[in-house]
Amino acid sequence: MGIIIPVRSCSLMTVLATLETASASDLARELEHSHQLVMQKIPKLVRLGLIQCRDDDEDARRRIFQLTAEGISQLARFQECTALLGAAYERLFSEVGNVRKLVDQTVDALNETPLEKRI
């Protein structure tokens, strides 16, 4: 679908869209990630032209980030793809049952009684 947002940066892009403008600290707090992790993702998003940054008018040490027009377009594509995938999984699960639920139940059962105790 032409999505160039790195997989591990989708949540950052979504939060930034919600906040409209934010510092790395704001993003880290919203995502419940470390400031360092957020700062590792930002340079690639800037290089891809998805976000832009500027100095904070009130604090020269802070940088303020916001989505570019391309970032907004890419996020719309991502959200459209997410909706399409959700619908596809719904149709699949209606045919075969909720495989994800089955896997989760299996993991829970194995955590409760490991395979070695079942032998």
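Residue indices begin at 1 and follow the sequence shown. Since the structure is predicted, the reported quantities are computational estimates derived from the model, not experimental observations.
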Do [X] side-chain atoms and [Y] backbone N/O form a donor-acceptor pair below 3.5 Å?
X	Y	answer
K41	R8	yes
T68	L50	yes
E20	Q66	no
E90	L85	no
S9	I5	no

Atom [atom1] in [X], atom [atom2] in [Y]: separation rounded to 0.5 Å?
X	Y	atom1	atom2	answer
S73	I4	OG	CD1	9.0 Å
N98	Q105	CG	CD	8.5 Å
I42	R47	CD1	CZ	12.0 Å
R118	L110	CZ	CG	5.5 Å
I51	I72	CD1	CD1	12.5 Å
S11	L27	OG	CG	9.5 Å

According to a hydrophobic-cluster definition based on side-chain heavy atoms being under 4.5 Å apart (Ile, Leu, Val, Met, Phe, Trp, Tyr only), do [X] and [Y] belong together?
X	Y	value
L102	L92	no
Y89	V103	yes
L37	V46	no

Over 12 foreign heavy atoms within 6.0 Å of CZ, F93: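 Yes, because the 6.0 Å sphere around CZ of F93 holds more than 12 heavy atoms from other groups.
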
Step-by-step side-chain contact (heavy atoms from CB on, under 4.5 Å) determination, F78 to C10: CA-CA 8 Å; F78 168 73; C10 292; 3.5 Å; yes

State, to 0.1 Å, how close [X] and [Y] come at their nearest heavy-atom pair, and which atoms those are.
X	Y	result
M1	C81	SD-CB, 3.5 Å
R77	G2	NH1-O, 3.1 Å
M13	G71	CE-O, 3.8 Å
V38	A24	CG1-O, 4.0 Å
A17	L67	CB-CD1, 3.5 Å
E58	D56	N-OD1, 2.8 Å

Stepwise salt bridge (charged side-chain N to carboxylate O under 4.0 Å, His left out) check, R63 with D55: CA-CA 5 Å; R63 307 277 289 155; D55 292 330; 2.6 Å; yes

Working for side-chain contact (heavy atoms from CB on, under 4.5 Å), residues R62 and D26: CA-CA 11 Å; R62 280 176 41 135; D26 297 333; 3.9 Å; yes

Matching residue for T14 among L75, L19, L31 - test: side chain to side chain contact (heavy atoms under 4.5 Å, CB included):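 Answer to the side chain to side chain contact (heavy atoms under 4.5 Å, CB included) test with T14 among L75, L19, L31: L75.
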
Worked check of side-chain contact (heavy atoms from CB on, under 4.5 Å) between L16 and F65: CA-CA 8 Å; L16 187 53; F65 303 97; 4.3 Å; yes

